[in-house]
Structures are given as C-alpha cells and as structure tokens.
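Residue numbers start from 1 in every chain, and the chains themselves are labelled A, B, ... in the order their sequence lines are given, proteins ahead of strands. Reckoned from all heavy atoms, side chains included, excluding hydrogens, waters and symmetry mates.
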Amino acid sequence: MIDERQEEQASLYALGLLESDALPAFEQEMAKNPELRALVVSLQDTAAALAWSTATVAPRPDLKTAILAQTGAIRRTLIPFPVLIPWALAASVTVAAFLLFSERTALRQQLAQLQAQLQTVTLAKNHLEAENNLARLQIAQLSSTLDEYRQTTAVVVWDAVKQRGVLKLIKLPPAPAHRAYQLWALDSEKPAPHSGGSI
Amino acid sequence: MPSLGNAFITPHMDETPAVPSPDEYLIARVAQGEAPALAELYDRYSRPLFGLALQVLHDPREAEDVLQEAFVQVWKTSHRYEAKKGRLFGWLVTLTRNLAIDHLRKRQRQAKLTEAYSAEPFAWSSVLDQPLSQIEGQERASQVRRALQTLPVEQRQVIELAFFGAFSQSEIAEKLSEPLGTVKARIRRGLLKLRAELGDSL
C-alpha cells in the first residue's frame, strides 16, 4: 500500500527534485518495496514523456552526419570493449581459478614436505638432547687410600647443571658406633659444597 | 490511430514501414559498435531530445551541441544501460537533460563572472505555448501535449519548472511565492494525473 507521502517522494524523485538528505532513505525504502519501485518507474516514464511535448523543431539536418562522423572516429577504439569485456572477464576468472588451484595444490605438497621435515627435525632434536644430557654427566670411580677402605669402591654419576647425582658404594664398611657417613659433593663450578645427606 | 509504445515509435511514420526494432535490441547493437543502429536511434529520438535541450537552454545552437554530446555519450556508454532500471527513452532523456542543465549552469556561472548576469523577472513559458502546426504528423508529441493540457495550470507549471527549468523544490516555491508543501502537493497530483492521462501509451 502506497501512502501520500510515498507518492509525493516518488514524484519528486522521478523529476530529480528529491533533496539529497532524503535521497538515501527513499532509495532504501524503494529497494525494499516493489510496489513503490513500480510507482517510481512509471512516474519516471511519465516525466520522460514530457520530452515529447517539446518535439516541435527538428535539429539542423547535417547534425546527424556530424554525430556519426564523430562517433565513427572513436569507433575503432570502442568496438572491442563491449564485445571483449565479458570474455576477458571470463578468461581472467578461469586463469585465476586455475592458478589458484595450482598454487593451492603446490602449497599443500609443500606443507606436507615441511611437516615431514619438522617431524624428522623434532626426532633429531630429541635424540641430540638425550645425547647432550648424557654428555654432560660426569662419571667417576672413587677409591680410598686408607687401608680399611681399600676394598671399597664408589661410583659417582653427577649432573652439574641439575646439581643432582647418583652414588653407588660397593663394600663400604659399616660406620663405627654412633658415627655416620656424611656425603659432600664438591663441584668446581659452585662456591659451596653440596650436601648429599648422611648414610 | 492506435497508441504507440516508446519502443515502436519512429519519426518516419510516412515512409515505407519497416519492422521496428525494440529499443533494447537497438541499444545492444549500438553497444556492439553498429553505427547504423546509432543512426536509427537518432532518427527515432533526436526530435524530443533536441526539443528538451532547447526548452532548457532556449538556444538552438547550444541545444544542438547538447544533442551531439548526448549521442556521442550514448555511443561511448551504451553498455552501461540496464533495461531493468527503466526504459531506454527515459535513460536518453536523463542523459540529455543532465547535459543541458550542465550547459545552463556553466552559462549562468560565466554570466556572473563577466557581470553580464542580471536578475530578470521570473517568467514561465509553457511548452504548450509553442505553435502546434510544427508538430503535425507526430502523434506522440500531440498525445503528450493533449495530456499536459488536461492538467490544471498550476500543476503543469510546477512540473514544467522542475523538468525544463531545472529548479529545486524551494526555488520553485520561491518563484511562485507558494509554500513548499503546496508545491510538493501540486507536483504529486500533477504527475499522477499526467500518468493517468498517458495511460497505456507510456
């Protein structure tokens, strides 16, 4: 249903009189309302028909020749565009699609290769880290110069970075009564000795 | 005489009737670079378009310049015409009217620059004031003029001032010393009545 306000705006629009501040809202309204759109089109046709009322005098006879001569001069550059534009667009889209598809396939292959390489590198890194961990361990076999401890052997595995180690004592005589063995780790990189507790 | 739609009107009614091309087909041929199609378009619509430019500019030479510019622009931009947005004749009228108004504004600016501009008293000259004898044999022109004549003068006046005078709503209101609302109402009633009078011939 079209009301008077819409009819008025449609009439002004058809005559090119609708003010610029009202124009966007009206065009939006028209886009949503097919009935209003149809009214506008019919009023535009009505307005255009006004031009016929002025068809009282013909332009000078040679004007047509002059126009055709002028358009003929620009014809050569003009013709290809309307004909070729749709084909050029279609061709461009096809080529672009093919290139994108090829590029996508290549990128997928490249991604798979990189993932395989990454996996190999990760494994190698883990292996090297493990080797490095082992490499930094210090292993020492200790023996005593004291007679009562000549049979005793101590094997120490020491991680200087973590300040942790394992001590294996073989044939260590029991400590005398009311005595205990106190273990100290002396690391040249550390200013203070590291207590290993007592046994 | 049967009513003729825009698409099937030719100024050469008295010549051997050829099968007329629909406007859309004609403009498509122009877009393909067919000069004969442009010539046919010229034969079909040059008179009302020239009349329109003349009514806006009141100068035959300038109106011919506008007509030439309009057809050159049609030749260059015919591929931009979209049938779904309106009829070809409406597109041609808009194009020609805009060019004519551009010429008018340019002329007014130049007149002001050279101080030749003078505020002449407002005078409205209706298209119907032009002699009818010159349009004998042109059914379409007669038909539109008859429809215009059925409008009350005040409605016809505001429509003509808007369409041919290129005045804004408020300029028309000022020139006629009428409230803006009255002008708008007259435009609405006048255009709707004109549409009803033209009926199927549109």
Please indicate whether [X] has more than 12 foreign heavy atoms, meaning atoms of other residues, nucleotides or ligands, lying under 6.0 Å from its [atom1].
| X | atom1 | result |
| --- | --- | --- |
| A/Q151 | CD | no |
| A/E4 | CD | no |
| B/E174 | CD | no |
| A/R5 | CZ | yes |

Of the backbone (N, CA, C, O) and the side chain (C-beta and beyond), which part of [X] lies under 4.5 Å from a heavy atom of chain B, both, or neither?
| X | value |
| --- | --- |
| A/R60 | both |
| A/A14 | side chain |
| A/L63 | both |
| A/Q9 | neither |

Grab the two heavy atoms, one from [X] and one from [Y], that are nearest each other, plus how far apart they are.
| X | Y | result |
| --- | --- | --- |
| B/A185 | A/E8 | N-OE1, 4.1 Å |
| B/R195 | A/S42 | NH1-OG, 2.9 Å |
| A/A51 | B/V93 | CB-CG2, 3.9 Å |
| B/Q68 | A/Q70 | NE2-OE1, 2.7 Å |

With a 4.5 angstrom heavy-atom cut-off, is it the side chain or the backbone of [X] that approaches chain A, or both, or neither?
| X | result |
| --- | --- |
| B/R97 | side chain |
| B/L148 | side chain |
| B/Q55 | side chain |

For the [atom1] atom of [X] and the [atom2] atom of [Y], what is their distance to the nearest 0.5 Å?
| X | Y | atom1 | atom2 | result |
| --- | --- | --- | --- | --- |
| A/L18 | B/Q169 | CG | CD | 7.0 Å |
| B/F71 | A/K64 | CZ | NZ | 10.0 Å |
| B/E171 | A/L17 | CD | CG | 10.0 Å |
| A/I67 | B/E69 | CD1 | CD | 10.5 Å |
| B/R145 | A/W52 | CZ | CH2 | 13.5 Å |
| A/S11 | B/R189 | OG | CZ | 11.0 Å |

remark   = Most contact-rich option vs chain A, by heavy-atom pairs under 4.5 angstrom, among B/A63, B/S170, B/G51, B/A162, is B/G51

Flag side-chain contact, heavy atom, 4.5 Å: [X] against [Y]:
| X | Y | result |
| --- | --- | --- |
| A/D45 | B/L198 | no |
| A/Q44 | B/T94 | no |
| A/T54 | B/F164 | yes |
| B/L52 | A/L50 | no |

inquiry  = Looking at chain B, which one of A/G16, A/A58, A/A47 has the largest number of heavy-atom pairs inside 4.5 Å, strictly under?
reply    = A/A58

ask   = Between B/L161 and A/L15, is a side chain to side chain contact (heavy atoms under 4.5 Å, CB included) present by the stated rule, with each step listed?
value = CA-CA 10 Å; B/L161 286 174; A/L15 286 169; over 6 Å; no

